[in-house]
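Report on the following structure.
The analysis underlying the following values was restricted to heavy atoms, covering all of them including side chains, and did not include hydrogens, waters or symmetry mates.
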Amino acid sequence: MIAVLILMFLGMIIGYFIRSKKKFVKINDKLTIYAIYLLLFLLGIAMGNNEQIMSNLGSIGLHALLIAIGALLGSVLLAYFVGKVFSNK
């Protein structure tokens, strides 16, 4: 946990100093999106490799699907809102 906080704080410091360099900001934006895609892909692989999840997928049911879709939509909407509020554009 402490490593996560240190890395986040270090990223904030670096971000503060490079925020005026538009080229680095553009590169960082693209890398962030690709990193999220990669993490989602790897999560899908991990779930596909988990025999317990795959064997119980049929019994998980509609409720689990609705919860997952709701969580995904909520995350996307919150990210969009936060991006609009804190964007300097």
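- Looking only at side-chain heavy atoms (C-beta outward), L43 and L39 stay at 4.5 Å or farther from each other.
- F17 and F9 fall within a single hydrophobic cluster, where Ile, Leu, Val, Met, Phe, Trp and Tyr side chains are chained together by heavy-atom contacts under 4.5 Å.
- Atom CD1 in I67 sits 13.5 Å away from atom CG in L72 (nearest 0.5 Å).
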Which side-chain N or O atoms in residues 18-26 pair as donor and acceptor under 3.5 Å with protein atoms at least two apart or in another chain?
unit_1, atom_1, unit_2, atom_2, d
R19, NE, Y16, O, 3.4

Donor-acceptor contacts under 3.5 Å from residues 50-57 side chains, at least two apart:
unit_1, atom_1, unit_2, atom_2, d
N50, OD1, Q52, N, 3.0
N50, OD1, I53, N, 3.3
S55, OG, E51, O, 2.9
S55, OG, Q52, O, 3.2
N56, ND2, Q52, O, 3.1

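- Counting Ile, Leu, Val, Met, Phe, Trp and Tyr side chains that sit under 4.5 Å apart, directly or through other members, I45 shares a hydrophobic cluster with L38, F41, L42.
- Under a hydrophobic clustering in which Ile, Leu, Val, Met, Phe, Trp and Tyr are joined whenever their side-chain heavy atoms come within less than 4.5 Å, directly or via other members, F86 and M12 fall into different clusters.
- Separating the OG1 atom in T32 from the CG atom in N28 is a distance of 4.0 Å, to the nearest 0.5 Å.
- With rounding to the nearest 0.5 angstrom, the CG atom of L31 is 11.5 Å from the CD1 atom of I36.
- L78 and V85 fall within a single hydrophobic cluster, where Ile, Leu, Val, Met, Phe, Trp and Tyr are joined by side-chain heavy atoms under 4.5 Å apart, directly or via other members.
- The CD1 atom of I27 sits 10.0 Å away from atom NZ of K30, with the distance rounded to the nearest 0.5 Å.
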